[in-house]
Amino acid sequence: MATGTQIEVVMPQMGVSVSEGTVTKWLKQPGDTIARDEALLEISTDKVDTEIPSPGDGVVGELLVAEGETVEVGTLLATILPVGAVAMEAPPAPAPVAAPVALAAEPVAVAPEPPIGVAPEQPAAVPVAADAASGNGRTFVSPVVARIAAEHGVDPNAVTGTGTGGRVTKKDILAHIESGATAPPAPAPAALAAPPAPAPAAPTPVAAQPAAPPAPAPVAPPAAPLQTGEVEEPMSAMRRGVMEHMRRSLDTSAHVSSAIEVDMSRIVAARAQLKKEYQASYGVNPTYLSFIAKATVETLQDYKWVNAEIRGEKVITRPWVNLGIAVSLEDGKGLIVPVIKNAQDLNLLGIARAITDLAARARTKKLLPDDVQGGTFTITNPGGFGTFHGTPIISQPQVGILGTYALVKRPWVVQDELGQDVIAIRPLMNITLTYDHRLVDGAYSGGFLRDLRTRLEGWEQAD
Amino acid sequence: MAERTYLQAISDGLRQEMRLDPRVFVLGEDVGVYGGAFKVTDGFQAEFGPWRVLDMPLSETAIVAGATGAALMGMRPVAEMQFADFVSCAWDHLVTVAAKQHYRAGTPIPIVLRLPSGGGFSGGPFHSQNPESLFAHIPGLKVVCPATPEDAKGLLVTAIEDANPVLFFEHKHLYRRIKGEVPDERYSTPFGKARIHREGDDIVVVTWGAMVYTAADAAEIVAAEGISVEVLDLRTLIPWDREAVLESARRTSKVLVLHEDTRTGGFGAEIAATVAEEAFEYLDGPVKRIAAPDSPVPFSPPLEAAYLPQIDDVVAGLRELAAY
Amino acid sequence: MAVREAEPVGSLQEVHDVGLDREDLFGIYRSMLTARGIEERGHILYKQGKIPGSFYTGRGNEASAVGVATAMGADDVGCPLQRDMGVHIARGVEPWRIFAQYMGRADGPTKGRDGNVHIGDARLGLHAMVSHLPAMLPVAVGMGLAFRIREERRVAIAWCGEGAAARGDAHEGMNLAGVRRLPVVFVIDNNQWAYSTPAHLGHAVDHLADRAAAYGFEGVVVDGTDVLAVYREAKRAIDKARDGGGPTLIESVTLRMEGHAVHDDASYVPREMFEEWARRDPIDRYRTWLRDTAAMTDAEEDEITAGVKRLLNESLQRAEESPQPDPATLLDGVFATQDELDTPHHK
């Protein structure tokens, strides 16, 4: 590393008695080229507000002090790297460029079907230069912040820090939570659909364990130099979490996917019948997902191991189903999986209402930390885009995820009243179960899908 | 209720217990005719006579050992070291005999040792020390460090009632400087119960003795900057109110331990370690200590001022923690 | 020097004059035999590995210890030291509890928290010593101070060895007792060796009792192998203190007949010295006196010796049956509670 060639920009002494200054604005970002004497940042001191010119030519390396932060005179603010040296330098940019997110991309990203389409925008953009944290306070998560983050499912890196070096203080994270900003942006790690987040793997009460510090940027080979036209941007904390979780899930579970075709005729009929009533009486839209969720929950009662968890050498089963519904954020900014707690106690209306409620709250950023924790099984629904098949990644530490796909009218062989095969037009849906083959066997999963299909095809509206 | 100085409150408490119980007696150097170097026992000999207010030879060993022997015979001695510094001469008798007698032989040693302590007036290396942590380290001894007149009286009563050797550190700087309302009637202030001297939410300063006032003054200054500081007065070091400290630590998430005793091995280290062990997940910053440096107490005013934790030192520490 | 060297006790009449009847005389003999017997058995237990740590005895000091203890009144108190087994026995401490103490058992007076002769039964007026000799000397002075404050006719005995007499505690305690004329009797067991340090390297005066004059009270030197002489001098001093006459310092001269502790072969003590003092063994000497002067019969002697033997056998067995202390009790009693105070404050 040619550190000897980099230029250091420090907080200047703006007057004899001045001992500190505040960075008010960075005028350049990492990677920007800059010429000697070109303005790099603005500072404010007791005596004067001024622009600070770059002491040399080069490319802006790290920005070590966040905007708004006050530091002592002489504190290192930024580094300027020689133009040619950039590529060889340690990545000045926060997170790796073009990360290997490909993995996460397709399967899990659930495009909700229209009714529940929740696409809250990713709020709380990661503060400037923050991620860049090069060992300064920005990356240090204090014990109490780690604990609160874990309890509330907040990614500390998504919170603007006001402490030393931009560190997120307890006050910062509490204010963040109180503002309601938490939910969408900083979904509880463990709760993300194909859950990102550096959260503890085991669903043990989070309060007990100091959450791990934010997952470090993935270890990647030295970043390739930017080519003309390529754009580099910092990766969001949520994206880093997704990245980590996807990889970890694949490394953990033995993923196998099975698919089954379901004739949704009765569901379509039932929905048509209920839609008006539900809308009028309850303001709730009985989406297809509601029906599938209801049938899934019932079927899980008979297939405990699909709703289970592997904990060490023990298999944990439970009488309840906390059903996660994967939701993608706008523009692929991440995933969130609100959870319907004790879904086994809800009827169709209850489930429909719960989905509507969670969707609405996700949209308005009003999800509570608890809403995204404790899932035991997940449904992801990328069918809204017309996809008819997929292999989602399991949300750890669960062992199964159900994928639902586009509802399409297809010619289908059925038997008429005389027992003769005839071709009919039927609304069909592909449904997949991706399961952890360590625990769930092929036959068991097949039974689950068969029974699920039976429930859906033989739907009798009871309520 | 009457306004009393810290010194008067101690004197009142002692006189009251002596009137109540003939087994309570005072022994020390110059405590009789002269009324004590600081006049805590002024007038006592006239009231209680020469055999309950005993002028002793310059024999700290014999004073503490004598108190121990008398206690074994059912008395309730209240011994005075003229200055807390001189207790080093009686170390053996506190640590070897008094602290261990009940544990090994089953005989309680109900003695109180009054120790005028602390600096701030050019007392130099031998009249300014705060040796409380030395004794807090010895199982079997109790250590009391009142900060207010009301506590001084109430804790002295509890000390005399206690069945164990109690080291009662009276801060000389507070003797005449601090006044407060003190109930006239008899009351006792329990050991091991901290007192919130000032309420606050952002940082807790855990302290005792004269430093309670230093902490409070510093808290007032930073309050103007929007930093809300709680001042927790431990009142007794052995036993110390771990629950109160941990509660405040968990609530505020930032802890500053302040004491006038020297830093290394000071009781603040025990507090800091306990907070780290038991409230780690509630901390939002390092547990900070402000204490005297590891040197003897110097004589010359500028040196002593540099030695003793000052309000400015605490203000700086609070700002640092607040900004962390 | 002002110090008085006590005469030996001779006639039976003289003994009766100081208040001892025949049963008392046999009692003294029984206590001396028991004290030695306990320590002899302790040696065996130690070598059997049943006594942890180290082991100290007072062989040669039996007359001094039993003589003083016999002179104490029922309400008198004191802090005997590691050569003073005879004091515990003469005051009535049961031997089985001493064996239990030796072995660190739950029934020892310190319940295993302390070892050796670091014991004291407060009900018998005895308070447990510490290793920092003579720390208990000024504590005993404090006991005397309490008696003086309350104007009680009680006396405290402060024991000290000739080695520990060099420490400041001895000076401060004696000085205070002298200044206040407290009812305290100081007994310096001068056994001539402080571990390996001979007496002449510990003090420059001819007799430690010479120091008494400097504190303003009487000093007396007595032959510590003559139990009756020790008794007589102790009785005089105690009576005087009880009557307000102030302290006395008794220097009782003996030879420590074994090493400082069981691990010490005492090779630094001249052989002739041991041989000479062996001829003055306090128990042999007293037995001879009892037979020659008090006409102790064979039957009486047999009964005493058999009784002591039986007592020791039974005691040892009982002590060995005593359980080890429960580690769960480790922290019990670090602090006392008010309920434990015999005379609680304000109750």
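Below, read A as the first sequence line, B as the second, and so on, with proteins coming before strands; counting in each chain starts at 1.
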Review point. Which bit of C/Ala135 is near chain B, if near means a heavy-atom gap under 4.5 Å: side chain, backbone, both or neither?
Key: both

Review point. Is chain C contacted by the side chain of B/Glu60, its backbone, both, or neither, given a heavy-atom distance below 4.5 Å?
Key: backbone

Exercise for review: Name the member of B/Leu141, B/Leu27, B/Val64 that forms the most heavy-atom pairs with chain C at distances under 4.5 Å.
Suggested key: B/Leu141

Review point. Side chain, backbone, both or neither: which part of C/Leu126 has a non-hydrogen atom closer than 4.5 Å to chain B?
Key: neither

Check your understanding: By a 4.5 Å heavy-atom criterion (distance strictly below it), what part of B/Lys100 contacts chain C: side chain, backbone, both, or neither?
Key -> neither

**Study point:** Lys/Arg cation over aromatic B/Trp51: C/Arg180, 6.0 Å, 45° cone
**Key:** yes

Check your understanding: Considering all heavy atoms of both residues, which atom of C/Leu341 and which atom of B/Glu161 are nearest to each other, and what is their separation?
Key -> CD1-O, 4.3 Å

Review point. More than 12 non-hydrogen atoms from neighbouring residues, nucleotides or ligands closer than 6.0 Å to OH on B/Tyr187, yes or no?
Key: yes

Practice item. Count the heavy-atom pairs under 4.5 Å between each of B/Ser59, B/Gly66, B/Ala67, B/Pro22 and chain C, then report the option with the highest count. Key: B/Ser59

Practice item. Could you tell me which portion of B/Pro50 (side chain, backbone, both or neither) has an atom closer than 4.5 angstrom to a non-hydrogen atom of chain C? Key: backbone

Check your understanding: Do side-chain atoms of C/Glu172 reach the backbone of B/Thr61 as a donor and acceptor pair under 3.5 angstrom?
Key -> yes

**Study point:** Partner chain B: residue of C/Val334, C/Ile119, C/Val141 with the largest heavy-atom pair count (under 4.5 Å)
**Key:** C/Val334

**Study point:** Non-hydrogen side-chain atoms of C/Arg148 and B/Leu54 separated by less than 4.5 Å
**Key:** no

Practice item. Examine whether an atom of C/Asp332 lies under 4.5 Å from a heavy atom of chain B, and if so say whether it belongs to the side chain, the backbone or both; otherwise answer neither. Key: backbone

Check your understanding: Do you know the tightest heavy-atom contact between B/Ala70 and C/Ala146?
Key -> CA-CB, 3.8 Å

**Study point:** Nearest atoms (heavy-atom pairs only) where C/Pro138 meets B/Ala65
**Key:** CB-CB, 3.4 Å

Point to revise | Interface moiety of B/Thr107 toward chain C, non-hydrogen atoms closer than 4.5 Å | key: side chain

Exercise for review: Kindly compute the distance separating CG (B/Asn164) from OG1 (C/Thr337), expressed to the nearest 0.5 Å.
Suggested key: 8.5 Å

Exercise for review: Working to the nearest 0.5 Å, report the span between CZ of C/Arg150 and CZ of B/Arg23.
Suggested key: 9.0 Å

Practice item. Count the heavy-atom pairs under 4.5 Å between each of C/Asn175, C/Val77, C/Asp169, C/Val179 and chain B, then report the option with the highest count. Key: C/Asp169

Exercise for review: Decide yes or no for B/Met75 and C/Ile149: does some side-chain heavy atom of the first lie under 4.5 Å from some side-chain heavy atom of the second?
Suggested key: yes

Check your understanding: So how far is it from B/Leu72 CG to C/His127 NE2, rounded to the nearest 0.5 Å?
Key -> 5.0 Å

Check your understanding: Hey, mind stepping through B/Met73 and C/Glu152 against side chain to side chain contact (heavy atoms under 4.5 Å, CB included) and telling me if it holds?
Key -> CA-CA 11 Å; B/Met73 295 298 106; C/Glu152 293 173 347; over 6 Å; no

Exercise for review: Below 4.5 Å from any heavy atom of chain B, which atoms of C/Leu182 appear? Answer side chain, backbone, both or neither.
Suggested key: side chain

Check your understanding: In terms of side-chain heavy atoms, does C/Glu340 have a donor or acceptor partner in B/His102 at a distance below 3.5 Å?
Key -> yes

**Study point:** Charged N-O contact under 4.0 Å between C/Arg167 and B/Asp92
**Key:** yes

Review point. How many angstroms lie between atom CG of C/Leu331 and atom OH of B/Tyr103, to the nearest 0.5 angstrom?
Key: 7.0 Å

Point to revise | Which atoms of C/His171 approach chain B - backbone, side chain, both or neither, heavy atom under 4.5 Å | key: neither

Practice item. Would you mind checking which part of B/Ile238 comes under 4.5 Å of any heavy atom in chain C, side chain (CB onward), backbone (N, CA, C, O), both or neither? Key: side chain

Point to revise | Which atom of C/Met129 lies closest to which atom of B/Arg104, heavy atoms considered | key: O-NH2, 2.7 Å

Exercise for review: For the residue pair C/Val139 and B/Gln101, establish whether any side-chain heavy-atom pair is separated by less than 4.5 Å.
Suggested key: no

**Study point:** From CE (B/Met56) to CG (C/Leu176), nearest 0.5 Å
**Key:** 4.0 Å

